[in-house]
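Below is one structure, written out as structure tokens, with a few remarks after it.
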Amino acid sequence: MSIKKYFQKIKEVLVYFDFEPLLFMWVASDILNNMVLWTSLDYWEKLDQPNTYWLYMAYLIGSVGMLVFLHNKKWLARFISFYLTIYLFSTIRYLVNIFGGDGEVFTVIDAKNILITCWYATMWIWILVKVKKEIL
């Protein structure tokens, strides 16, 4: 199999196949990994980061909304958009922490985290585009 044929097959999967089972598994995993379920507001206050708790709570609301409305494309698109908005906010918050006035050095770990963040953002945008196309 040639490389061109390989990438053609990947394109066909991304364009023509359903994503709902993958989305179900991804969102269920996201819910189970959410820090709101495993910590308390007290924990984050002791770390002097109470807003992080509320950020995780917003993620939990978005994930549960996607799970509940997996069958309803219009509401699913709204919750994916909500999730993407939170994701954008937390990414900006992370970048401000890295490049803020702290004077901390940019590390390989930061580069890895930004790369992973871009990958996830691309994934969520792709899912939103697929849902929007199905609505049309």
Side-chain angles (χ1 to χ4, degrees):
M1 178 187 276
S2 70
I3 298 290
K4 185 177 179 182
K5 215 172 192 181
Y6 172 76
F7 284 111
Q8 183 63 33
K9 289 286 186 189
I10 289 176
K11 179 185 174 201
E12 288 173 12
V13 167
L14 292 174
V15 172
Y16 300 113
F17 286 77
D18 289 337
F19 60 91
E20 285 88 352
L22 174 63
L23 184 59
F24 173 80
M25 297 303 279
W26 186 266
V27 171
S29 170
D30 198 45
I31 291 168
L32 293 173
N33 284 319
N34 193 290
M35 293 301 288
V36 169
L37 301 178
W38 307 108
T39 61
S40 65
L41 179 56
D42 246 11
Y43 171 82
W44 294 101
E45 285 174 342
K46 288 177 185 170
L47 293 174
D48 200 30
Q49 297 181 7
N51 293 335
T52 300
Y53 178 82
W54 299 112
L55 180 63
Y56 281 122
M57 180 66 78
Y59 276 122
L60 183 63
I61 290 167
S63 296
V64 169
M66 283 186 270
L67 193 63
V68 168
F69 291 105
L70 195 58
H71 67 287
N72 184 325
K73 300 291 188 248
K74 287 185 180 182
W75 277 97
L76 179 62
R78 290 175 184 155
F79 277 101
I80 292 171
S81 298
F82 173 71
Y83 196 94
L84 266 168
T85 302
I86 298 166
Y87 204 77
L88 177 65
F89 170 76
S90 69
T91 301
I92 291 169
R93 182 177 169 214
Y94 178 71
L95 292 173
V96 166
N97 284 341
I98 292 173
F99 298 112
D102 301 9
E104 289 187 30
V105 181
F106 185 79
T107 66
V108 173
I109 299 297
D110 295 323
K112 175 199 70 113
N113 290 341
I114 292 169
L115 178 67
I116 290 170
T117 297
C118 291
W119 179 261
Y120 285 149
T122 303
M123 181 194 73
W124 283 111
I125 290 168
W126 172 76
I127 291 171
L128 181 61
V129 167
K130 292 278 285 186
V131 170
K132 290 286 192 174
K133 282 175 73 176
E134 285 189 21
I135 290 171
L136 294 175

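A quick note: this is a predicted structure, and the numbers were derived from the prediction, not measured.
- A distance of 10.0 Å separates CD in Gln8 from OG in Ser2, rounded to the nearest 0.5 Å.
- Leu84 and Leu115 are assigned to two separate hydrophobic clusters, defined by single-linkage of ILVMFWY side chains at heavy-atom distances under 4.5 Å.
- In the hydrophobic clustering of this structure, Met25 groups with Val64; members are Ile, Leu, Val, Met, Phe, Trp, Tyr whose side-chain heavy atoms approach within less than 4.5 Å, directly or through other members.
- For the residue pair Leu128 and Ala77, the shortest heavy atom distance occurs at CD1-O, 3.6 Å.
- We find the CD1-OH distance between Ile114 and Tyr94 to be 6.0 Å, quoted to the nearest 0.5 Å.
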Would you give me the side-chain donor-acceptor pairs under 3.5 Å for residues 30-37, sequence neighbours excluded?
residue : atom : partner : partner atom : Å
Asp30   : OD1  : Tyr83   : OH           : 3.4
Asp30   : OD2  : Ser63   : OG           : 2.5
Asp30   : OD2  : Tyr83   : OH           : 2.7
Asn33   : ND2  : Ser29   : O            : 3.2
Asn33   : ND2  : Ser29   : OG           : 3.4
Asn34   : OD1  : Val36   : N            : 2.8
Asn34   : ND2  : Tyr56   : O            : 2.9

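- Under the ring pair (Phe, Tyr, Trp, His ring centres under 6.0 Å) test applied with Phe69, the options Phe24, Phe82, Trp75 reduce to a single match, Trp75.
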Can you give the donor-acceptor pairs under 3.5 Å from side chains of residues 46-54 to other protein atoms, not counting sequence neighbours?
residue : atom : partner : partner atom : Å
Gln49   : OE1  : Thr52   : OG1          : 3.4
Thr52   : OG1  : Arg93   : NH2          : 2.7

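- Considering all non-hydrogen atoms of both residues, Ile80 and Met66 come closest at CG1-SD, 3.5 Å.
- Proximity of Ile127 to Leu22: side-chain heavy atoms (C-beta onward) are nowhere separated by under 4.5 Å.
- For the pair Lys130 and Glu20, the salt-bridge criterion is not met [side-chain N within less than 4.0 Å of a carboxylate O].
- Considering only heavy atoms from C-beta on, Phe79 stays 4.5 Å or farther from Leu67 through its side chain.
- Residues Ile61 and Ile86 have side chains not in contact (no heavy-atom distance under 4.5 Å, counting atoms from C-beta outward).
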Full working for side chain to side chain contact (heavy atoms under 4.5 Å, CB included) between Leu70 and Val27: CA-CA 10 Å; Leu70 195 58; Val27 171; over 6 Å; no

Atom pairs and distances, donor-acceptor, side-chain atoms in residues 117-124, under 3.5 Å, two or more places apart:
residue : atom : partner : partner atom : Å
Thr117  : OG1  : Asn113  : O            : 2.8
Thr122  : OG1  : Cys118  : O            : 2.8

